[in-house]
Amino acid sequence: MKARLWRGDLHYAGVTLHTAASGAVNALDTLWLTLEDHGVEGLGEVRLNIQYLHGYSAQSVLSNVRQALTQWDWRCDAITLLQQVHAAESGLLAPTRMLLDMALHDLLARREQQSLAAWLGAPLADAHYGTNQTLFWGSETQLLTQAHQYVARGFTQLKLRTGVGDFATDMARLQRLRQVFGDRISLAIDVNGQWSLADAHYAITQLKTLQLSYIEQPLAPADDQQLAELTRYGIPIMLDESLNSDAAIAWLAAQNGAIWGHLKLVKLGGIAPTLAAARRLQMASVPFMIGQMNEGHAATAAALQLCRVVQPAFAELYGADGLTNDPVSGLTYRHGHIAVADSPGLGVHFDAAHAIFLQEFSDATTQ
């Protein structure tokens, strides 16, 4: 087996990324991993500039990935390597595990000439899924223009990023969206943990008239124990940043469906642990979303393949929509859905000519 690392900055056309957690983001600093074994190639992807989510700098993630690949026992088969990635003693960061896990899953599914969804045991499911779209922080003109464009393309599940300005501004924008689009859209908000408990009590009483689908991460993760106070208002509460470990998933499962969950590969460490978390929430009758950061085609395809398997109540798969220079291709967005070719593995294609080569690893380089 041979591994290669690649890097590149991905850019969007007409979309400015700005949330309360991230600030303004100009590009997606992205790392790709290709694994080649007996003529079959697997692809993994992870975004590096999301320290605001998990606390790890781009350099620390890259160093962790290089260390992992240098120490791999290349005599092992892909299944064994996948088990080692998720071993408790691996010492791997969650984004590192996501990258390795995704490439190994893609390799294994391609080897069997199956889509990743089929390889994971999904029944014959459509290779597309409905997705929401996010309205990032910007001027009101930008907000309404973007919303009109999404609705015209059939994307009627909209989520407003809030908590950057004051609540009065957020409230006015939500009212404006409801006034313009009425019941044609479902509307949710993502607070990115910016409210205090007192802020949340006040805000939710004001928001009750807007028929929100859910409020995402109203409090900081450290304040999760206070969320029970907010469930009485009747607007579903969904956790995101809080769900970054087995313990967090276990806590959510124990809430008996009173609080919902947003599962992401980069927080939980890849496809295998995210699938396990989804199954656990399903067993506990907890509604959940499979989602992502703003990411390229490969990471987005991985989340889509998981949606095909677990059929979540919500999906947030907009990450690759509008990217202009992604070396990975294969996804399409139309009529409110994201679709992927029903081909082996992730269903995407990597063009290495449009990425920056970093390093190669094999048994020869690690001896």
> Can you check side chain to side chain contact (heavy atoms under 4.5 Å, CB included) on Leu227 and Leu239, steps first, answer last?
Replying inline: CA-CA 10 Å; Leu227 289 169; Leu239 293 185; 3.3 Å; yes
>> Please determine whether side chain to side chain contact (heavy atoms under 4.5 Å, CB included) holds for the pair Thr134 and Lys159, giving the CA-CA distance in whole Å, both sets of side-chain angles, and the decisive distance to 0.1 Å.
In response: CA-CA 5 Å; Thr134 281; Lys159 184 171 78 176; 3.8 Å; yes
>> Using side chain to side chain contact (heavy atoms under 4.5 Å, CB included), reason through Thr169 and Trp137 one step at a time and then give a plain yes or no.
In response: CA-CA 11 Å; Thr169 299; Trp137 177 258; 4.1 Å; yes
>> For a side chain to side chain donor-acceptor pair (under 3.5 Å) check, start with the C-alpha distance between Asn64 and Tyr56, then their side-chain angles and the critical distance, and finish with the verdict.
In response: CA-CA 10 Å; Asn64 193 239; Tyr56 308 124; over 6 Å; no
>> Checking Asp77 against Arg111 for the salt bridge (Lys or Arg N to Asp or Glu O under 4.0 Å) test, could you report, in this order, the C-alpha distance in whole Å, the side-chain angles of both residues, the deciding distance, and whether it holds?
In response: CA-CA 12 Å; Asp77 60 78; Arg111 183 182 292 169; over 6 Å; no
> Given Asp240 and Lys267, is the salt bridge (Lys or Arg N to Asp or Glu O under 4.0 Å) satisfied, shown in steps?
Replying inline: CA-CA 9 Å; Asp240 177 4; Lys267 292 185 302 179; 2.6 Å; yes
> For Phe314 and Asn132, what are the C-alpha separation, side-chain angles and deciding distance, and is it a side chain to side chain contact (heavy atoms under 4.5 Å, CB included)?
Replying inline: CA-CA 8 Å; Phe314 303 93; Asn132 70 10; over 6 Å; no
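To the nearest 0.5 Å, atom OG1 of residue Thr131 and atom CG of residue Leu304 are 9.0 Å apart. Atom NZ of Lys264 and atom CG of Leu306 lie 14.5 Å apart (nearest 0.5 Å). Atoms OH and CD1, on Tyr214 and Ile235 in that order, are 13.0 Å from each other to the nearest 0.5 Å. Note that CG of Asp106 and OG of Ser115 are 11.0 Å apart. Values are rounded to the nearest 0.5 Å. Rounding to the nearest 0.5 Å places CD of Gln175 at 4.0 Å from CE of Met171. We find the CG-CD1 distance between Leu108 and Ile79 to be 4.5 Å, quoted to the nearest 0.5 Å.
Side-chain contact check for Glu36 versus Arg4: some heavy-atom pair is nearer than 4.5 Å. Contact annotation: the side chain of Tyr233 never approaches that of Leu207 to less than 4.5 Å [non-hydrogen atoms, C-beta and beyond]. For the pair Val65 and Leu99, the minimum side-chain heavy-atom distance is below 4.5 Å. Between Tyr12 and Leu28 the shortest side-chain heavy-atom distance falls below 4.5 Å. Side-chain contact between Asp224 and Ile259: absent, with no pair of heavy atoms (C-beta onward) separated by less than 4.5 Å. Under the 4.5 Å side-chain criterion, counting only non-hydrogen atoms from C-beta, Gln206 is not in contact with Lys208. Put simply, the side chain of Thr19 does not reach to within 4.5 Å of the side chain of Asp190, judged on heavy atoms. Side chains of Leu81 and Leu35 form no contact here, defined as non-hydrogen atoms less than 4.5 Å apart.
Sparse packing is recorded around NE2 of His335, with 12 or fewer heavy atoms of other residues, nucleotides or ligands lying under 6.0 Å away. Heavy-atom contacts from other residues, nucleotides or ligands closer than 6.0 Å to CG of Asn26 number 12 or fewer. Annotation for Tyr202: atom OH does not count as buried by contact number, only 12 or fewer foreign heavy atoms lying within 6.0 Å. Counting heavy atoms of neighbouring residues, nucleotides and ligands inside a 6.0 Å radius, atom CZ of Arg334 does not exceed 12 of them. Enclosure of atom CG in Asn325 by more than 12 non-hydrogen atoms of other residues, nucleotides or ligands within 6.0 angstrom is indicated.
Using modelled atom types, no side-chain atom of Thr145 and backbone atom of Gln142 make a donor-acceptor pair closer than 3.5 Å. Within the 3.5 Å criterion, the main-chain N or O of Trp251 finds a donor-acceptor partner in the side chain of Gln255. A donor-acceptor pair under 3.5 Å links the side-chain atoms of Thr324 to the main chain of His11, judged by distance alone. Remark: the backbone N or O of Ala353 is paired with a side-chain donor or acceptor of Asp351 at under 3.5 angstrom. Here the side chain of Asn244 pairs no donor or acceptor atom with the backbone of His54 at under 3.5 angstrom. Arg110 places no side-chain N or O within donor-acceptor distance of the main-chain N or O of Val40, the cut-off being under 3.5 Å. Glu229 places no side-chain N or O within donor-acceptor distance of the main-chain N or O of Gln226, the cut-off being under 3.5 Å. In terms of modelled atom types and a separation under 3.5 Å, the side chain of Arg47 and the main chain of Asn294 share a donor-acceptor contact. When atom types are taken as modelled, the side chain of Asp170 and the backbone of Gly163 share a donor-acceptor pair closer than 3.5 angstrom. A donor-acceptor pair under 3.5 Å links the side-chain atoms of Arg178 to the main chain of Ile185, judged by distance alone.
Using cut-offs of 30° and 60° for the angle between ring planes, the His148 and Phe181 rings count as tilted.
Ring to ring, Tyr318 and Phe155 are not that close: their centroids are 6.0 angstrom or more apart. Centroid-to-centroid, the aromatic rings of Phe350 and His297 stay 6.0 Å apart or farther.
Contact record, Leu69 with Trp74: O-CZ2, 3.5 Å, taken as the closest heavy-atom pair. Listed here is the closest heavy atom pair of Gln217 and Ser242: NE2-OG, 3.0 Å. Heavy-atom minimum distance, Gly319 versus Tyr333: N-OH, 3.8 Å. Between Ala298 and Val328, the closest heavy-atom pair is N-CG1, 3.9 Å.
Residues forming a side chain to side chain donor-acceptor pair (under 3.5 Å) with Gln292 (at least two apart in sequence, or on another chain): Glu295, Thr300. Among residues two or more places apart in sequence or in another chain, the side chain to side chain donor-acceptor pair (under 3.5 Å) test is passed with Gln359 by Arg66. Under the side chain to side chain donor-acceptor pair (under 3.5 Å) criterion, Thr156 pairs with no residue at all, not counting sequence neighbours. The side chain to side chain donor-acceptor pair (under 3.5 Å) check on Arg173 picks up nothing, with sequence neighbours excluded.
Listed by first and then second residue, the side chain to side chain donor-acceptor pair (under 3.5 Å) pairs involving residues 81-90 are His86-Asp101 (not counting sequence neighbours). Residues in residues 10-34 take part in these salt bridge (Lys or Arg N to Asp or Glu O under 4.0 Å) pairs, two or more places apart or across chains: Arg7-Asp29.
If you chain together hydrophobic residues whose side chains sit under 4.5 Å apart, Leu265 and Leu31 fall into the same group. No chain of hydrophobic side-chain contacts below 4.5 Å, direct or via other Ile, Leu, Val, Met, Phe, Trp or Tyr residues, connects Met289 to Phe136. Placement of Ile290 and Trp260 in two distinct hydrophobic clusters is found when ILVMFWY residues are connected by side-chain heavy-atom separations under 4.5 Å, directly or transitively. A continuous path of ILVMFWY side-chain contacts below 4.5 Å connects Leu107 to Leu82, so both sit in one hydrophobic cluster.
Inspection of the Gln305 and Arg308 side chains reveals an N or O donor paired with an N or O acceptor under 3.5 Å.
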